[in-house]
**Student:** 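Sharing a structure, written as structure tokens. Questions coming.
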There are 2 protein chains.
Amino acid sequence: MAFRGDRPRIGQVAQLAGVSATTVSHALNGRRPVSAETRRRIMDAIAELGYRPNVVARGLRAGRSLTIGLVIPDITNPFYPVLARGVQDVLGPAGYDEIITNTNGVRDLERAALDKMISRQVDGVAFAVFHTHADDLQPVIDAQIPVVRLGGRAAQTGVDLVHSDDEGGAREAVRHLIHNGYRRIAFICGPAAEGPAAERVAGYRAALAEAGIGPQQNMVVHTDFSRAGGAHGVEKLIRQRKRPDAVLCANDMMAIGALDAARERGLRVPDDLAVMGFDDIEAATLVTPQLTTIANPAREIGMACARLLLDRINGVAGPPKEIVIPTRLVRRQSA
Amino acid sequence: MAFRGDRPRIGQVAQLAGVSATTVSHALNGRRPVSAETRRRIMDAIAELGYRPNVVARGLRAGRSLTIGLVIPDITNPFYPVLARGVQDVLGPAGYDEIITNTNGVRDLERAALDKMISRQVDGVAFAVFHTHADDLQPVIDAQIPVVRLGGRAAQTGVDLVHSDDEGGAREAVRHLIHNGYRRIAFICGPAAEGPAAERVAGYRAALAEAGIGPQQNMVVHTDFSRAGGAHGVEKLIRQRKRPDAVLCANDMMAIGALDAARERGLRVPDDLAVMGFDDIEAATLVTPQLTTIANPAREIGMACARLLLDRINGVAGPPKEIVIPTRLVRRQSA
DNA sequence: GTGAAAGCGCTAACAG
DNA sequence: CTGTTAGCGCTTTCAC
């Protein structure tokens, strides 16, 4: 069978340069000295033929594919492109490419994605899911492929973990509100406090406690992790006898919804109601008033993850690590 | 050398099932009939061993990698994740994965990305760049790898092209403004009318002409393709003696900047100044007033591209195609 | 500093 | 319907 494009192979380069394929290989990979003169002839031959090493063949032989798998819920969620960029900007220069798979947060798809990564013989996997199914990672671990989990609590499986300081960030948010004189501070959460949201609630509670503000009635409402959810949360809160004077939302989209509801109800932000978000997605600067929020450094998370993966791939051992990326308060107009 | 994880190979499956590796291969790929009984034994063996075919080996042998390359400026630009999703949603079920490379619009990186795709023996390439360098694609074409260009004008190289109807969209936008009574309609463009922007300007001019509105003085301003650029464009326009009553911007971020400037200057939108964008990024619904814009269907573009690629890979020949994806007017509040 | 030969895991002739 | 054999393009012993 005629193979695609009939590209030059290493043997042709060797022939043209008057050396063996072995020497060409070593000239290219630097695993063994090659004389300057030989190297020059090889490079000339490569240029003349337009030779490009076949990464697939190399991968098969070497047991490495120079590929890492990134398993995420949805690249369309603005957090992940930034994270992916961070990963790539570290891994790219090291010669790795990424295969990105979207799971929509569906467990079966997550499992299938991991299976695929094993089949593809990836050299590492970055796995970002809310619902942590530790055992779903087992096949990857068995295949001895380094895995880094993104987000979530410390893993039981002993895999590396990179996540932002959700609890600390929420604490800082609430401190900021308290500092600005707000006292009845609500938290608008998703249906359940799952994933990062759980830690954000924890930070919220901790900050209230440390300020001597006891838990207040009905100040944590559960809705959806969406714009409509945020709006709905505010609706719910202001129907109560004791209204909040500030709301912290589990993410920015919810906070934007909160802003919608406030405007709808004629509430001035931040005078009648302060609103804070979490994540600092680009949209936070698009709304009016601009959103005060906690930056969730997606890019740094991606980069830290990539570095960890590189270390593992290169056999820099050590016990499983947990890397916590600090968040950062971003003051704008809404609180 | 001990290979990673010592995963079961096809031979082990064959042995356990009491058949040859060939038969296992065929049972898996369905290229040749396998008796029901044999197939059952093979499947049992696969399940027992947890066997997963090695895609890299398969790729080397078959000359296909089941991978396609997506070369884009920046996954962080909100247009591309949606496009990538569209590509994946078509290609994924067909067994393909994507490698995404960001070029930042830098020509050397574009070339390097294409080289890499050839090295990786991808089965197809989707190439999205503003600055069309037809000859940069030549190595890929020589390697007989199907390429689909995304965006830009009809290619001279004879490669497939998928793009949205930028000219028609702009025409529709201007018609909408005219229909709503606006007559002094400006266009805020980037530094040069490059890429899609060129066609958007053309559509703008065409619509004015067809409405019998001759070209007006200083109604096309050049700034940056950014939020600040849009704001700057409005500033420039309203300093003129004859102000526009509407502006069409080359993209949504610019339109959002235009909204900023209007607010700053106390101009009511759309009463004093109508504002329209282009692309319908998510942010368009985030601003106040919400942006009336032209939806640039990234997802459809990605899906059409993927289908075209599949056709080419499967040898469904035919001459190079140009697929134009229609845009759609999205009426909201700003015009 | 260089080569010959073996083989990564799989699929596709060819042969029955 | 099934098996044997060769080989995809490369890297890596082992030998010189």
Side-chain angles (χ1 to χ4, degrees), chain A residues 1-15 17-42 45-46 49-66 95 118-123 143-144, chain B residues 1-15 17-42 45-46 49-66 95 118-123 143-144:
Chain A
M1 165 187 178
F3 279 84
R4 146 147 317 142
D6 207 20
R7 307 199 278 117
R9 292 149 299 155
I10 197 169
Q12 304 186 25
V13 173
Q15 202 173 351
V19 296
S20 73
T22 306
T23 301
V24 176
S25 172
H26 283 110
L28 247 26
N29 300 296
R31 294 205 197 287
R32 152 173 130 170
V34 171
S35 78
E37 161 61 7
T38 305
R39 149 166 282 114
R40 200 190 48 67
R41 287 213 315 282
I42 291 173
I46 288 175
L49 295 172
Y51 170 75
R52 290 179 191 75
N54 182 324
V55 175
V56 176
R58 181 181 283 180
L60 177 60
R61 173 65 239 229
R64 301 169 303 114
S65 60
L66 290 179
I118 298 174
S119 276
R120 283 194 172 262
Q121 204 187 287
V122 297
D123 299 329
Q144 295 183 37
Chain B
M1 167 185 179
F3 279 86
R4 147 148 316 145
D6 208 20
R7 309 199 278 117
R9 292 150 300 157
I10 198 169
Q12 304 186 24
V13 174
Q15 202 173 352
V19 296
S20 72
T22 305
T23 301
V24 176
S25 172
H26 284 107
L28 246 27
N29 299 296
R31 295 206 197 284
R32 159 172 125 169
V34 172
S35 81
E37 161 61 7
T38 305
R39 150 167 280 114
R40 201 191 46 68
R41 287 213 315 281
I42 290 173
I46 287 175
L49 294 173
Y51 169 75
R52 289 179 190 76
N54 182 324
V55 175
V56 176
R58 181 181 284 179
L60 178 60
R61 174 65 239 227
R64 301 170 302 116
S65 60
L66 290 179
I118 298 174
S119 275
R120 285 194 170 261
Q121 205 186 289
V122 297
D123 300 328
Q144 295 182 38

**Student:** Roughly, in whole Å, what's the span from CZ in B/Arg52 to C1' in C/dC10?
**Tutor:**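 After rounding, the gap between these two atoms is 17 Å.
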**Student:** Rounded to whole angstroms, how far apart are CG on B/Leu66 and P on C/dG9?
**Tutor:**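 It works out to 19 Å between those atoms.
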**Student:** In degrees, rounded to 10°, what is the bend between the two ends of the helix from C/dG1-D/dC16 to C/dG16-D/dC1, using five pairs at each?
**Tutor:**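 Here the helix ends are tilted 30° relative to one another.
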**Student:** Could you tell me how far apart A/Gln12 (CD) and D/dG9 (P) are, to the nearest whole angstrom?
**Tutor:**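 So the two atoms are 9 Å apart, to the nearest Å.
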**Student:** In the structure I gave you, are the side-chain heavy atoms of B/Leu28 and B/Ile46 within less than 4.5 Å of one another anywhere?
**Tutor:**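 Yes, at least one pair of side-chain atoms sits under 4.5 Å.
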**Student:** Mind running a 4.0 Å heavy-atom check of residues 25-37 of chain B against DNA chain D and sending the residues that fall below it, in number order?
**Tutor:**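 Contacts with DNA chain D under 4.0 Å: B/Arg32, B/Pro33, B/Val34, B/Ser35.
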**Student:** Under a 3.5 Å distance rule, please check whether B/Gln121 uses its side chain to pair with a backbone N or O of B/Gly59 as donor and acceptor.
**Tutor:**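 It does hold such a pair.
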**Student:** Under 4.0 Å from OP1 or OP2 of C/dG9: is there any side-chain N or O of B/Arg9 that close?
**Tutor:**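 Yes.
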**Student:** Report the distance from atom CD of A/Gln121 to atom P of C/dC10, rounded to the nearest whole Å.
**Tutor:**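 Going from CD in A/Gln121 over to P in C/dC10 covers 10 Å.
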**Student:** Compare the minimum distances between each of C/dC10, D/dG3, C/dG3 and the side chain of B/Ile10, then state the nucleotide with the smallest one.
**Tutor:**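 My answer, after comparing the listed nucleotides, is C/dC10.
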**Student:** Can you tell me the distance, in whole Å, between the CG atom of B/Asn54 and the P atom of D/dC10?
**Tutor:**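 Roughly 17 Å, once rounded to whole Å.
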**Student:** Under 4.0 Å from OP1 or OP2 of D/dT2: is there any side-chain N or O of B/Thr38 that close?
**Tutor:**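 Yes, B/Thr38 has a side-chain N/O under 4.0 Å of OP1/OP2 on D/dT2.
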**Student:** CG of B/Leu49 versus C1' of C/dG9: gap in Å, rounded?
**Tutor:**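 Interatomic distance, CG of B/Leu49 to C1' of C/dG9: 15 Å.
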**Student:** For a quick test of reading the model, state the closest non-hydrogen atom pair linking B/Val56 to A/Ser65 and the distance between them.
**Tutor:**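 Smallest interatomic distance, heavy atoms only, reads CG2-CB, 4.5 Å.
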**Student:** Can you tell me how far the CZ atom of A/Arg39 sits from the OG1 atom of A/Thr23, to the nearest 0.5 Å?
**Tutor:**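 Separation between the atoms: 11.0 Å.
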**Student:** Please name the pair of heavy atoms, one in A/Gly50 and one in A/Pro8, separated by the smallest distance, quoted to 0.1 Å.
**Tutor:**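 It is O-CG, 3.9 Å.
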**Student:** Figure out the CZ/P separation between B/Arg41 and D/dC1, and round it to whole Å.
**Tutor:**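 Computing the B/Arg41:CZ to D/dC1:P distance gives 14 Å.
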**Student:** Measure the distance from CD on A/Gln15 to P on C/dG3 and round it to the nearest whole Å.
**Tutor:**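 Whole-Å distance recorded here is 13 Å.
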**Student:** Between CZ of B/Arg61 and CG of A/Leu60, what distance do you get to the nearest 0.5 Å?
**Tutor:**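 B/Arg61 atom CZ to A/Leu60 atom CG measures 12.0 Å (nearest 0.5 Å).
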**Student:** At what distance, to the nearest 0.5 angstrom, does NE2 of B/His26 lie from OG of B/Ser20?
**Tutor:**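 Reported value, rounded in 0.5 Å steps: 9.0 Å.
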**Student:** Counting only N and O atoms by type, is there a donor-acceptor contact under 3.5 Å from the side chain of A/Arg52 to the main-chain atoms of B/Ser119?
**Tutor:**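 Not confirmed, A/Arg52 side chain does not pair with B/Ser119 backbone.
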**Student:** Using a heavy-atom cut-off of 4.0 Å across all strands, would you classify B/Thr22 as base, sugar-phosphate, or nothing?
**Tutor:**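 It contacts base atoms.
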**Student:** Would you compute the distance between atom CD of B/Gln15 and atom CZ of B/Arg9 and round it to the nearest 0.5 angstrom?
**Tutor:**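 Result: 9.5 Å between the selected atoms.
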**Student:** Categorize A/Val56 for me: base, sugar-phosphate, or nothing, with a 4.0 angstrom heavy-atom threshold over every strand shown.
**Tutor:**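 It contacts nothing in the nucleic acid.
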**Student:** Is the distance from OP1 or OP2 of C/dT11 to the nearest side-chain N or O of B/Arg58 less than 4.0 Å?
**Tutor:**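 For B/Arg58, the contact criterion (side-chain N or O under 4.0 Å from OP1 or OP2 of C/dT11) is met.
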**Student:** Quick one: is A/Thr23 getting a side-chain N or O under 4.0 Å of the C/dG3 phosphate, OP1 or OP2?
**Tutor:**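 Yes, because at least one side-chain N or O of A/Thr23 sits under 4.0 Å from OP1 or OP2 of C/dG3.
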**Student:** Compare every heavy atom of B/Ile42 with every heavy atom of B/Ala27, then report the nearest pair and how far apart it is.
**Tutor:**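 Nearest pair, atom of B/Ala27 first, then B/Ile42: CB-CD1, 3.8 Å.
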**Student:** To the side chain of A/Arg61, which of C/dG3, C/dC10, C/dC8 is closest?
**Tutor:**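 That would be C/dC8.
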